[in-house]
Amino acid sequence: MTEATGGKDQQHPLYNRDRPLIDILLAQQVTDYNLAELARLQMRYQGFPGARDIKKDLDKVLQQWGLTEAELFEKTRKIHDLGGIYKSRGKKDEQDWN
């Protein structure tokens, strides 16, 4: 069990779900929704021991859009303060923290 945390890269449990989203972000322009998605994925993979290709591509998106991570988070805080960027697909006022 300790071998998995002993410096070896790990496979993120949401890698297969996130990889296509990152490929889409690489091909698209800046929108409020894309900024929110990029920030969400940045936070998910920040400090994760693995998924180096995803981290590299997230940084590439930041570079393509001319943003630093700090600027991204500042913009997305403002977007989330306005609300409604993620519309609930189910129950009213439900939040999706995936």
Side-chain angles (χ1 to χ4, degrees):
M1 189 68 131
T2 57
E3 187 176 320
T5 59
K8 287 191 175 185
D9 282 353
Q10 296 178 22
Q11 173 78 24
H12 195 283
L14 296 175
Y15 179 94
N16 291 330
R17 182 172 131 185
D18 292 339
R19 181 73 253 176
L21 295 174
I22 294 162
D23 292 339
I24 289 168
L25 292 177
L26 282 165
Q28 292 189 350
Q29 299 299 314
V30 177
T31 65
D32 285 353
Y33 181 80
N34 286 347
L35 286 169
E37 285 292 278
L38 180 59
R40 181 178 66 81
L41 291 166
Q42 274 289 100
M43 292 179 73
R44 175 177 290 166
Y45 287 94
Q46 195 171 50
F48 182 76
R52 293 178 193 276
D53 63 316
I54 283 185
K55 292 177 189 178
K56 181 180 65 99
D57 284 345
L58 290 173
D59 289 341
K60 186 187 278 188
V61 174
L62 279 174
Q63 185 178 21
Q64 285 177 356
W65 293 352
L67 295 170
T68 65
E69 186 178 74
E71 291 168 332
L72 171 68
F73 291 153
E74 181 182 335
K75 286 178 179 287
T76 54
R77 273 192 296 277
K78 290 177 183 174
I79 291 167
H80 286 297
D81 284 346
L82 294 173
I85 195 70
Y86 291 117
K87 303 287 185 203
S88 177
R89 290 174 284 182
K91 300 174 187 157
K92 194 173 183 177
D93 296 329
E94 181 179 315
Q95 295 185 6
D96 181 6
W97 288 87
N98 287 327

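Note that the structure is a prediction, hence the values are computed from the model and not measured.
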Please list, one pair per line, the donor and acceptor atoms closer than 3.5 Å that link side chains of residues 29-36 to other protein atoms, with sequence neighbours excluded.
unit_1: T31; atom_1: OG1; unit_2: N34; atom_2: N; d: 2.9
unit_1: T31; atom_1: OG1; unit_2: N34; atom_2: ND2; d: 3.4
unit_1: N34; atom_1: ND2; unit_2: Q28; atom_2: OE1; d: 3.0
unit_1: N34; atom_1: ND2; unit_2: Q29; atom_2: O; d: 2.9

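Judged as a salt bridge (Lys or Arg N to Asp or Glu O under 4.0 Å), and not counting sequence neighbours, the contacts of D23 are R19. Evaluation of the ring-ring contact (aromatic ring centres under 6.0 Å, His included) rule for F48 yields H12 as partners, not counting sequence neighbours. Partners of K78 under the salt bridge (Lys or Arg N to Asp or Glu O under 4.0 Å) rule, at least two apart in sequence or in another chain, are E74. Residues satisfying the side-chain hydrogen bond (donor to acceptor under 3.5 Å, both in side chains) test with Q46, not counting sequence neighbours, are E69.
Criterion: ILVMFWY side-chain heavy atoms under 4.5 Å apart, direct or through other members. Under it, L58 and I24 are not part of a common hydrophobic cluster.
L41 has its side chain out of reach of V61: every pair of non-hydrogen atoms, C-beta onward, lies at least 4.5 Å apart. Counting heavy atoms from C-beta outward, Q63 and D59 have side chains that stay 4.5 Å or more apart.
Listed by first and then second residue, the ring-ring contact (aromatic ring centres under 6.0 Å, His included) pairs that reach into residues 52-78 come to none, sequence neighbours excluded.
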For L21 and R40, run side chain to side chain contact (heavy atoms under 4.5 Å, CB included): C-alpha distance rounded to whole Å, both residues' side-chain angles, the deciding distance at 0.1 Å, then the answer.
CA-CA 11 Å; L21 295 174; R40 181 178 66 81; 3.8 Å; yes
Starting from the C-alpha separation in whole Å, work towards a yes-or-no answer on side chain to side chain donor-acceptor pair (under 3.5 Å) for D57 and Y45.
CA-CA 11 Å; D57 284 345; Y45 287 94; over 6 Å; no
Assess whether side chain to side chain contact (heavy atoms under 4.5 Å, CB included) is satisfied between E37 and I22, documenting all intermediate values.
CA-CA 9 Å; E37 285 292 278; I22 294 162; over 6 Å; no
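In K75, the NZ atom is not crowded: 12 or fewer heavy atoms of neighbouring residues, nucleotides or ligands sit closer than 6.0 Å.
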